Amino acid sequence: MLFDATTAGQTARVEVRENHGAYRVTIGEKMLELDLVRAGNHYLSVLVDGVSHDVGIEKTAEGFAVLMRGDRFDVEIKDAVKGAVLGRATHHGPLKLTAPMPGKIVKVLVREGESVEAGHGVLVMEAMKMENELKANKAGKVQEIKVQEGQAVEMGALLLVIG
Amino acid sequence: MLFDATTAGQTARVEVRENHGAYRVTIGEKMLELDLVRAGNHYLSVLVDGVSHDVGIEKTAEGFAVLMRGDRFDVEIKDAVKGAVLGRATHHGPLKLTAPMPGKIVKVLVREGESVEAGHGVLVMEAMKMENELKANKAGKVQEIKVQEGQAVEMGALLLVIG
Amino acid sequence: MSTPRKFSKVLIANRGEIAVRVMRACRELGIRTVAVYSDADRVALHVRYADEAYFIGPSPSSESYLRMDKILEVAKRSGAEAIHPGYGFLSENATFARVCRDAGVVFIGPPEEAITAMGEKTAARRVAVAAGVPVVPGALHVLADHAAILGEATRIGYPLMLKAAAGGGGKGLRLVHKPEELEASVQRARSEAKSAFGDDSLYIERAILKPRHIEIQVLADTHGNAVHLFERECSIQRRHQKIIEESPSPFVTPELRERMGSLAVALVKKVGYVNAGTLEFLVDENREPYFLEMNTRLQVEHPITEMVTGVDLVKMQIRIAQGEALPFAQKDLTQRGHAIECRVCAEDPETNFIPNPGRIESLRVPGGPGVRDDSGVYEGFEVSMFYDPMISKLVVHAETREAAIARMLRAVSEYEVTGIKTTLPFFDRALRDRRFIEGDFDTGFVSRLQAEKDERVRPTEIAMAVAAVVAYRARRRTPVASGSETSSSSLWWRLGHRDSVTRL
Amino acid sequence: MSTPRKFSKVLIANRGEIAVRVMRACRELGIRTVAVYSDADRVALHVRYADEAYFIGPSPSSESYLRMDKILEVAKRSGAEAIHPGYGFLSENATFARVCRDAGVVFIGPPEEAITAMGEKTAARRVAVAAGVPVVPGALHVLADHAAILGEATRIGYPLMLKAAAGGGGKGLRLVHKPEELEASVQRARSEAKSAFGDDSLYIERAILKPRHIEIQVLADTHGNAVHLFERECSIQRRHQKIIEESPSPFVTPELRERMGSLAVALVKKVGYVNAGTLEFLVDENREPYFLEMNTRLQVEHPITEMVTGVDLVKMQIRIAQGEALPFAQKDLTQRGHAIECRVCAEDPETNFIPNPGRIESLRVPGGPGVRDDSGVYEGFEVSMFYDPMISKLVVHAETREAAIARMLRAVSEYEVTGIKTTLPFFDRALRDRRFIEGDFDTGFVSRLQAEKDERVRPTEIAMAVAAVVAYRARRRTPVASGSETSSSSLWWRLGHRDSVTRL
């Protein structure tokens, strides 16, 4: 089975095959043989040619988070044949800024039609007693503002579209 | 719903009724109002008239183990109407000694027909690198020996019957 | 001077890890504990941990944990003789200390007068100035309106710090670089201060560049004795909130330690301070200390002092409130070894530490020698958006600073949380940074680190391979599990749970 | 005398908590770790924790953890420069120390000669006698056959102790009250000794009644330096195996401490001992110490010494094996505070501590100040019947013995394990016992406690009420869950898991 895996800014084509109870994984030029055994509800013990990796796993919207020794990799997994993300689809084209947490919109810092730089603050949200400025991830024009000041929003709610 | 609950050598008739999201429990003369909320997979937070009990729960063969502050109560629960144990049935009459763990029978210390006192050693089992003497819980005559020396037994296997 | 008595029941007017910390001390002292809780906190750890627990209102803290009337009502109803306020919420509220006293309940903290004298930030600065303690140049008074702020800002010059007079914990605090930013910053600081403390008063002081944030722990009893318990280094901050602390400070010389300790004890004695408190200083590059403010309460980072001095600060707070005299003098106190604290917060360190509330799917805490986890959560707990995102404090103690850093990295490597993002991956990076290891840092450390490329060698390929195998398994199970594996739940993951040695 | 070197990779020839303990030290020292594992241990914690892990054979330890050849093969294959044997298994095996040396791998422990001189129990007694150290009256030689045992037993008199010459950890040890019991006890001790150590040699000594079991920790380097790290009180035992230990001992006076410490260092120097070791003494009611045996390895209960002295014994073992000199002298070592260890075992304390292997359904470990959990398991782990039932060591440290007992009771109250029965409920009872609190106990404490009625006030009614409500819920769900709730699984319990604030 073929996947496209993306994490920490890198994307690679990954092939997975079963091999006598283990998994043969090809990443680019490299071939890894994984002995992968469940260890409790959220953990895997993975041996790769004698090297031990103790792994915590979390299902995410785009794939899986892989936790190893205090580090965390949010790995996006796409089926390389169908080209679809395992979880929900990713959006290309215009940037849709969604709420990273539930909270209240304290301030809208931009107007529709305004041009913004990447890193420019566009909204202020309050959550967990802190005010947090949400920034544009890319430069562009504010196409649409979906929220008003004072409005409570759910996590994942669409806030603003930058074209 | 009526139950007979037994733990720590005490048995009581327990009545449970739902009461606006809480539970009204009558034990003998006493009436308790339990606000009982799940707190993670194996725990309950129980408030009884302001008093907080943090409870761990384990399903056992005869009912439930209730863990509170390092202490453990193995509570046998019987349906008071049907008279049956929720889990497997309990045995009255002859004592059936079962293996408390998987292991190997190292020695049989009694013969069929022999009279034993309560506390008398009847079998020696090896498990977890230790030899453990199993004792008769009640006085009586050894009616039947189900195992032989050297035999491996599963946990719960019937070893011996004392009449 | 009060006659010593023993409390039999104490109410903890707080939630989260600090409520549990105080309850642990009470349980060890044989004191029964009373929790209060809001709608969101029915199954919070502090409710589970307490001997008694009472509901006090809706989730917003202004309707529950800040409601003095309801808390005192619970104290009366439960028969609690004393109230421990923890930190935050009502802990530095002089009115609350007074109404407790009026109600005949002991407030485990300083008397109302000392909170008034030292708790309000500008008043404390005036006391300090009068006592000859150096302070950061800036306003010694709360600034009433925008005109006053503008005037003072022009007088002091930029960059400057805007601060909430009632503040603490980095809330209502803003660094302003230039005049154009002032108005927006004032608005946001006021609104944060209002919602956090119910008081939007602000003051201004000059921003000291590349400052060290170093604080001195003090204890004073009702018999006129006061000691300091040395310093804590608190320069590693994000959003002006501490995130890594250590004791001793690698920056503090024995002479500076002695000087700051003496200043602290002198100030404390001058205002008749009682119970635990902390004097915060900024120390500039020339090792000149400037008194900043006093926190008239227990500090989040108190465990590092406990580990280095061997003194249980919470038990001492309770004993002082019971009227006992300090069981040691200054000369009995020594620093042994080195301690570090990392604040584990439900925040995404890759997205500017944005809060990340949600359910903790799994939780594995580190163990072994020299590791202490002061947690307020558990596996399955829903971290609420209503309260502070800190879920736990990870603290280590070892013989030397080098050994303590190695131990903290080891502890972080054992700590795993799924379901929410946390600051743990940040610690792995920060503690391996050469500048941290060499003790060469100031309060700008975190933002500089964020702006840089991550230089660590990370097992990215293994992460991809494992994720791909797990995805492969999820795919293979699709017909069986009828698509459930693509939901955000980890349900599919639990399939076959009972067979733990299953090769996936 | 060897030249100091740094290990870059160490193999740990053990499993369970001690393997993890050693790996933690290695990780903090920047040393890569190599685990070995049997069939039963593919997902054991030590395999997960290690940097590398290699399979060495079937579950019985004689076919895996006792296989010197396979372990050395892994050392060679992985490039490990040293082997840490932990305790048990090959840790006191002189042959193993020799084959390691022959293979050019450093054995982290004493040299073969010291193990031979001190490790075999009767040989050590002869050395001690020669050095003028008092020993318990008894045989100084292994007894070859039944006739020899019978003769020696008659000479010494009853009650007597039968002991495995190669023994340790209480295995192959029997108290014999009268001649009629001798034959059966010899058989059982031999068979236990054979299966535990591969050697069924026995010896006999007089049983001292109401003895205290007190031991002295020593460290010696390759440069001729040796120190002791004071005593541990190990009198609380079941089945002749320690279950609660503390340091300092409430029974030991400063004079006795000094005397036992000096005897220990003298003996260690006499035999040219190197690395960590422990000298066990029985102390009778008149505070007369009798040397019993030496354990030429790390002791299970080493953490209490670490907490009281501030010395990391495992790191010291590694540093000594690297050829480093001890970084302190006797005068630099002090005891600070009080530490207690409780051994959490998969055993049923209500049924004479019978082992209770099985799957750990849930595991909650205590936290907060002064608590250390050295665990070898995790939630979901299957405790195997093949190995020792100890799953974890719970250790606390506090200012005084009274505070340490209170802290241990608090820690025990937070510790919960479901799925298997453990010794935790026993600790709650034992540590509340007046005789324990007063320090008035000997090695018969546990059996006396078991024979007595439990005097604690326990919340029996609440337990019944909760169990009844849970049963009620299980009943009500029957039609929905189609009977699954009566299975031994906790599956029904997980229904609705995602809604954690569900009122049941």
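Proteins get letters first, then strands, A, B, ... in listed order; numbering begins at 1 in each. This one's a predicted model, so the numbers in the text were calculated from it and none came from an experiment.
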Checklist line | Contact winner vs chain B - C/Arg32, C/Arg48, C/Glu379, heavy-atom pairs under 4.5 Å | finding: C/Arg48

Notebook entry, point to check: So, do C/Ile31 and C/Ile318 sit near enough that their side-chain heavy atoms are less than 4.5 Å apart?
Noted result: yes

Item checked: Flag side-chain contact, heavy atom, 4.5 Å: C/Lys9 against C/Val34 -> yes

Note to self: Can you tell me which portion of B/Val55 sits under 4.5 Å from chain C's heavy atoms? Options are side chain, backbone, both or neither.
What the structure shows: neither

Check: Which residue, C/Arg21, C/Arg24, C/Arg319, forms the salt bridge (Lys or Arg N to Asp or Glu O under 4.0 Å) with C/Asp312?
Finding: C/Arg21

Notebook entry, point to check: Does any heavy atom of chain B fall under 4.5 Å from the side chain of C/Phe55, the backbone, both, or neither of them?
Noted result: neither

Margin query: Is the distance from the ring center of C/Tyr387 to that of C/Tyr65 below 6.0 Å?
Written below: yes

